[in-house]
Amino acid sequence: MIPTVQVSPGVPLEALMGEVRIQIPRGRVLLGGSLALPAATLLSGVLAASGGRVLFVDGANAFDPYIVARYARRIGLHPEDILNREGFLLSRAFTCHQLTVLLEERVQGLLEKDPALVVVSGPLNTFMDEGIPWQEVKALFKRLQTALLRISAPLLIAQPSVAGARERRTLFRELPSLVETVALAEKDKWGPRVRILKPLTQTLRPTEGGTLPLLAHWEETRWDER
Amino acid sequence: MGTVEGTLFDIYIVGGEARLWILTKEGPKLLRHAYRPRIYLEGKETPLRRLVTSLKGKRLIQGARWTEKVEFWSGKNIRVLELKVSGGPQYQKLSQFLPEYDGPLRIYNADLPLPQAYLYETGLFPCGRIRAGVTGDTVEEIEAAELPWEEFTLPHLQVLELEPLGDFRGRFPGIRAIWDGRDYEIESERPEELVSALNSLLDLADPDLILTTQGDTLLFPWLLQAERLARKSLRLDRDPKPPSRFLRTEGRSYFTYGQILYSPPRYPLYGRWHIDQKASFMHKEGGLEGIVELARLSKVPVQTSARTSPGTAISSMQLDAAFSQNILVPWRKGEPEAFKSPWTLFIADKGGLTYAPQVGAFEDVAEIDFASMYPAIMMAHNISPETVLCSCCKEDGERVPESGYHLCRRREGLVPRVLAPILKLREKYKRRRREAKTEEDRIRFDRRQTALKWMLVTCFGYLGYRNARFGRIEAHEAVTAIGRETLLQAKELAEGKGYRMLHALTDSLWLQGGDMRQEVLLELIREIETRTRIPMALEGIYRWVHFLPSKQRPGVGVPSRFFGLFRDGGLKARGLAYRRRDTPRFIQEAQLSVLKILTTAKNLKEYQDLIPKAKEEWERWRDELRSGNVPCHLLLLSRRLTRKPSDYKVDSRTALAAREYERAGIRLHPGEKVSFLLKNVRDPLKETRVRAAPFIRPEDLYDAEAYTELLDRAVKELWIVMEGGASPKKLIPRRGVAPHHPQDEGGVPS
Amino acid sequence: MGRTVAPFSQVLAQEERALNQFRRALRKEDQDAFDRLFAFGKHHVAPSVYSGHPWPMDLILLSALIEQQKFIEKFLPLRTEVEILMNEVAALRQEINLLRANGNR
């Protein structure tokens, strides 16, 4: 039996890939929604399989090798051929300090040698840790923003909704301003799909009647699923 | 200059001094010792100089100088600027705003618990004997008069016990106090009367230790409220001018090992100890002996040791070791994972090997266990955050199986260095426990070794804990990888000698079928030890053992549900109802009493023959249940809340009980336990299905049917794997072994 | 921290769920057999995790095959015994027939 690449049973992911992939060369992409993490995982596997270099910074602790393995089988490769490919690298961050250091130093260092797609999964997940004082979190988040903006390579940020204290959740509002494209990967009754909320062509100014309705939608959907 | 000798009882930092309480022959004595904490900065000179000027201007620091210290990850000497911080509050302030400079600057030693830092620097430790030269109460010089590893006896303490009196529905309970063998009851509607009554008792007793039941959760919050209402201070502290407290009145819920737990707020005292026996994990595990052992070794003051996890103790010992070697403590947590291929992640991200056992009952089974496997691996293979993937041994370092990480050959790691003496001391305590002549001694050494056991257990977890200072995920992965390799080597050696592995669990193996003479098994163990370099012991030889199936999948074995009888008569059980804390006491006792009958069986044939007698016993317990005469407190079920009571969507029994607490105005947090009685589980009126423990009224009846179901389920565990053997055909023993010979079972789900 | 890769028991459950429709359409007795095969997968979870093999379904099927193989091997020697018994029965029958024939005579 050859399995399709699925996020969960009955949710093939390939459908999601095309659209996100198209957006990446157009600039930084923020992917939200309940399928953001599996979509980012699969996308990094797809790109690595086609010879692209990928740096996966796993802040959500969610890289699922089985997603890539199923994809590999589908295209007739051994999973190791993709997962162990030179230029496909991963590092997990378990605290917001680690995540910040990773993006400030390590990623920059690697990018200087070779360009690559940078995927950051759940950058805000680690910032929800109540064990770290809010003052410190704010300072670190500033550094994170700077580090993300300094990345000149294509960037995909996958940020699904996570639970957290109210003040910490305000950080979610900051993410869209870091990117050119905001997209949502979700499952609705027709299956998984991606909706582009902040396209490249649309310039965003706060004066344009407040928040864009679609962006507001992004914020609303942040909490819909765990 | 005078001299003070005694035992260091309490230590805390106030302003620019450490306050030390010393128990001397003449009684408790307060000493003051000037203390300026130090922070270290690494970076370019010009911006550093500017920073120093500004910090001096704000009087946060008294001075700064350049010095050489060791950088933890590389082991190399670096030049750093040492800031002499003005005092405790200034240190806290700096640790809040310095991090903003982190990045261009490297910050070290900026977020340490100060009482501990003081102890690392002076070499003193809690409950250790000291000698000080003093002028008045000011310390001129001070030193430890013994080593933490030395044999110690608990100092003689004046203990005042406090516990709530009566029920606590909304109103304050009143206090029962026990001092000097006498009971005192303090009860009054008027707060000022309560405060004076307690104060006179405190003056009379001048206790060293206030040992409470529910002090953190109930008594102290209430006492402090009474203090406010009475506008009169309670003299709970021994320090006449205690530092002001910032009390958190809410505890916190946190996740650990897939479980949500609740930690109530803490109410530490100054110059006295307050320990809430209910809230202290260590007190429950190791008593005061265990807490003091932990405090001495780790330099975490006693009250903190009582309420923090053994992980904090281990972490503190690592800090201490770092201090003593001039190693700088990096600001904040851990080293990020090195970039690796996702394939390596897939290969390395595994835990210990947990087999599913062959379900069934077996005779003549040996259990052999690696002793403290993970700590022993860390020692034998020099695993520590800075030794895994070190920069010096890329070529010739020891290779970790599976992932291929390399381990340092040149530098002894911080973690192995900390572990070695703990392992040694624990062996000593275990030996003392075996050789103990009195029951008192046996308990004492058992408590001490238990405290150390918890430190060893958490040490491994700490390597992989996200907030651990000296944590690193690759070190954690290396330990489990070597653990898997070690277990498989043991399996292969055993199988090579004709044993059959029935079950294996991370560091233990259950063997059957080969030579079951003790000396032959010990020979096997010696061979395994030589091969793996990890110490191993024969846990015992079972006359018989039952491996129980999963409740969800009847055919599949679960790793930790088994019970068996050793040849020496000892019983070992895991996962049985009587071992679970959430089982009502009555059910626990019932299961145990039925089991007692069965444990007279020398083999499975006898076991089978005893079942009818066991069933009679079972029937007796059922009758008692049905009579309605079982006291309700023996029937309480306890469950941990996984969320806030209002967040429960389904009306589970736990949710219903939690709501009853809430209705009475008692706030519950996720991770707290509720206990309740099953009243009438099928009642259409949800409110009367269960009754939360504090609200049980004398006229409340229990649901005999529901409890009979619980009882039946518990008792049936004892022969569920022999059930198939009930039909006469299968009762015929094959190849000399009764009903479920492994050959018949073959792991085939029935 | 740690445990990013889904535990094998979870992966196994995923694989099982992915076959929900297949299972649903099976006859009841076949569903039971299907469930038992997956139970074999659970039984060998430790070797599966250790293997580092990225296709879980292979491991589940192999686990089931191992158990079936053991079952077959256990009963294989019986075949010889059955053959012997059958021969004996045939011989006895012959004898009986012979005796009957003699008796009739």
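Naming: A, B, ... by sequence-line order, numbering from 1 per chain.
Taken from CG in A/Asn84 to OG1 in B/Thr344, the straight-line distance is 5.5 Å, to the nearest 0.5 Å. Here the straight-line distance linking atom CD1 of B/Ile347 with atom CG of A/Leu83 works out to 9.5 Å at 0.5 Å rounding. One finds the CG atom of B/Leu345 at 7.0 Å from the CZ atom of A/Phe63 (value rounded to the nearest 0.5 Å).
Looking at B/Trp343 and A/Pro65, their side chains never come closer than 4.5 Å, going by heavy atoms from C-beta outward. Using a 4.5 Å heavy-atom cutoff, the side chains of B/Asp111 and A/Glu136 are not in contact.
Ranked by heavy-atom pairs under 4.5 Å with chain B, the first of A/Leu110, A/Thr100, A/Thr126, A/Asp129 is A/Asp129.
Crowding of A/Glu86 atom CD: a count of heavy atoms from other residues, nucleotides or ligands under 6.0 Å not exceeding 12. Crowding of A/Gln135 atom CD: a count of heavy atoms from other residues, nucleotides or ligands under 6.0 Å not exceeding 12.
Interface remark: A/Phe56 contributes backbone atoms only to the contact with chain B (heavy atom separation under 4.5 Å).
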Q: Please step through side-chain contact (heavy atoms from CB on, under 4.5 Å) for the pair B/Glu337 and A/Arg106, ending with a clear verdict.
A: CA-CA 10 Å; B/Glu337 183 176 36; A/Arg106 311 292 164 85; over 6 Å; no

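For B/Tyr405, the ring pair (Phe, Tyr, Trp, His ring centres under 6.0 Å) criterion is met by no residue, not counting sequence neighbours. In this structure, B/Phe339 has no ring pair (Phe, Tyr, Trp, His ring centres under 6.0 Å) partners at least two apart in sequence or on a different chain.
A/Leu90 and B/Pro342 make their closest contact through CB-CG, 4.3 Å (heavy atoms, listed as atom of the first residue, atom of the second, distance).
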